[in-house]
Amino acid sequence: MSEILPPSFYNRSPLKTARALLGMRLVREGDSGRISGRIIEAEAYQGEEDLACHARAGRTARTVVMYGPPGRAYIYFTYGMHWCLNAVTGAEGEPAAVLIRALQPMEGIDLIAARRAPQPRALWLNGPAKICQALDINGHLNACDLTTPDCGLWIEADKPVPELEIQTSARIGIQNVPEPWRSIPWRVFTSS
DNA sequence: TTTACGATCTAT
DNA sequence: TAGATCGTAAAT
């Protein structure tokens, strides 16, 4: 049994948190059973100045969770059909979060396969909305605490990805965002 | 009240 | 390369 990452893990910049989250294990436990996967891709979103961040609109009903304490889930609905999961980072009052973009399947393979059918294994968890579909994550988990097992969603310590194995790029899906935000290398991922 | 569009995914 | 599909935020 691994340890659940504590609030202090998230109480730093989203970029540092995103790097540290690579290799950690996202766990979902519910009526259907336990599903988990190793985080292999994430993106940092930081502050009202970051024009790719939802907090660019300021504190609203949607973004209020990002202004809250670190270690909570910020889950938003987009494109009329998809949910995406973030971990809130930084001190309370500072809007920042890490988008969980891809996992390597670890536990609950049968359940993942059923929910992601008929896609091949390589396409099961390689996108933020795919993760939420496979792990049954949606709006009712918004603002839940990822540092306790209470709501059935948390992140456990596992083997960190060495710095040398971390790759970076611009964030995905923000084509209409002005520079420098469009190109800033706040996406981190690993191929190992 | 209306409009435009989005931190996406899938099939074509 | 386009269609699905609707909440959010800004414009009217």
Side-chain angles (χ1 to χ4, degrees), chain A residues 10 13-22 26 28 35 37 39-68 70-90 94-105 111-144 146 153 155 166-190:
Chain A
Y10 302 94
S13 82
L15 190 55
K16 284 182 180 173
T17 309
R19 287 175 162 270
L21 277 173
L22 295 180
L26 178 66
R28 178 79 171 108
I35 297 177
I39 298 170
I40 56 175
E41 179 182 347
E43 284 175 358
Y45 290 85
Q46 174 163 234
E48 297 175 352
E49 328 74 49
D50 176 2
L51 296 181
C53 181
H54 289 163
R56 68 186 177 277
R59 201 178 192 122
T60 66
R62 178 168 74 154
T63 65
V64 66
V65 182
M66 274 199 285
Y67 289 79
R72 307 277 267 270
Y74 166 49
I75 298 167
Y76 67 89
F77 184 68
T78 193
Y79 291 104
M81 61 183 85
H82 297 303
W83 294 98
C84 295
L85 168 69
N86 295 254
V88 173
T89 79
E94 298 171 5
V98 174
L99 174 67
I100 310 299
R101 285 197 60 92
L103 304 180
Q104 178 182 320
L111 205 44
I112 296 173
R115 289 176 176 162
R116 293 288 303 132
Q119 299 289 348
R121 184 178 181 126
L123 303 184
W124 280 351
L125 303 177
N126 67 332
K130 298 180 183 184
I131 292 172
C132 289
Q133 185 200 340
L135 275 62
D136 189 29
I137 296 168
N138 50 54
H140 71 260
L141 289 172
N142 188 40
C144 87
L146 295 173
L153 182 67
I155 303 178
I166 297 179
Q167 299 176 263
T168 68
S169 82
R171 294 170 291 183
I172 307 295
I174 55 168
Q175 285 307 305
N176 294 330
V177 171
E179 297 290 3
W181 310 111
R182 183 170 57 210
S183 300
I184 197 167
W186 284 358
R187 169 176 176 246
V188 298
F189 59 103
T190 181

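In what follows, chains carry the letters A, B, and so on, assigned in the order in which the sequence lines appear, proteins first and then strands, with residues in each chain numbered from 1. Because the structure is predicted, anything quoted here is derived from the model rather than measured.
Between the P atom of C:dA4 and the CE atom of A:Met81 lies a distance of 9 Å, rounded to the nearest Å. As rounded to whole Å, 8 Å separates atom C1' of C:dA9 from atom CZ of A:Arg62. Put simply, CD on A:Gln175 is 15 Å from C1' on C:dT1, counting in whole angstrom units. C:dA9 atom P lies 15 Å from atom CG of A:Leu51, rounded to whole Å. Residue A:Ile184 contributes atom CD1, which lies 15 Å from atom C1' of B:dA7 at whole-angstrom precision. Between A:Trp83 atom CH2 and C:dT5 atom P the separation is 16 Å, expressed in whole Å. Look at NZ on A:Lys130: it is 9 Å from C1' on B:dT10, rounded to the nearest Å. Atom-to-atom, CG of A:Leu123 to P of B:dT8 comes out at 16 Å; the value is rounded to the nearest Å.
Across all strands shown, A:Asn176 has heavy atoms under 4.0 Å from sugar-phosphate atoms exclusively, and none from any base. As judged by a 4.0 angstrom heavy-atom cut-off over every strand, A:Ile174 is placed among residues touching the sugar-phosphate backbone only. At a threshold of 4.0 angstrom between heavy atoms, the contacts of A:Arg116 are confined to the sugar-phosphate backbone, with no base atom among them. Among the heavy atoms of the strands lying under 4.0 Å from A:Ala52 is at least one base atom, whether or not backbone atoms are also near.
The closest donor-acceptor contact from the side chain of A:Arg72 to the backbone of A:Ala143 lies under 3.5 Å. For A:Arg171 (side chain) and A:Trp181 (main-chain N/O), a donor-acceptor pair under 3.5 Å exists by modelled atom type. Remark: the backbone N or O of A:Met66 is not paired with any side-chain donor or acceptor of A:Thr63 at under 3.5 angstrom. Panel note: side chain A:Arg182, backbone A:Glu179; no donor-acceptor pair is recorded below 3.5 Å.
Between B:dC9, C:dG7, B:dT10, one nucleotide has an atom nearer to the side chain of A:Phe77 than all others, and that is C:dG7. In the set B:dA7, C:dA10, B:dT10, B:dT10 carries the atom at the smallest distance from any side-chain atom of A:Gln119. Comparing B:dC9, C:dT5, B:dA7 against the side chain of A:Asn86 picks out B:dA7 as the nearest. Side-chain proximity of A:Thr63 to B:dC9, B:dA7, C:dA9: nearest is C:dA9. When distances are taken from the side chain of A:Thr60 to each of C:dA9, B:dT10, B:dA7, the shortest belongs to C:dA9.
Between A:Phe77 and A:Trp83, the two ring planes are tilted [angle within 30° to 60°].
For the C1' atom pair drawn from B:dC5 and C:dA2, the interatomic distance equals 16 Å after rounding to whole Å. When the P atom is compared between C:dT1 and B:dA7, the two are found 22 Å apart, to the nearest whole Å.
A close approach under 4.0 Å does not occur between any side-chain nitrogen or oxygen of A:Arg187 and OP1 or OP2 of B:dA7. Dashed line: the shortest gap from a side-chain N or O of A:His82 to OP1 or OP2 of B:dC9 is not under 4.0 Å.
Pair assignment for B:dA7: none, as no Watson-Crick or G-U wobble contacts are both less than 3.5 Å. Using Watson-Crick or G-U wobble geometry with both donor-acceptor distances under 3.5 Å, C:dT5 finds no partner in any strand shown.
The residue among A:Gly80 and A:Pro128 whose nearest nucleotide of DNA chain B lies closer to the 5′ end is A:Gly80.
A donor and an acceptor atom never sit less than 3.5 Å apart when one is taken from the side chain of A:Tyr79 and the other from the base of C:dA4.
Stacking here means ring centres nearer than 5.5 Å and ring planes tilted less than 30 degrees, and by that measure A:Tyr45 stacks onto B:dA7.
In summary, of the residues considered (A:Tyr76, A:Tyr45, A:Tyr67), a ring-ring contact (aromatic ring centres under 6.0 Å, His included) with A:His54 occurs for A:Tyr76 alone.
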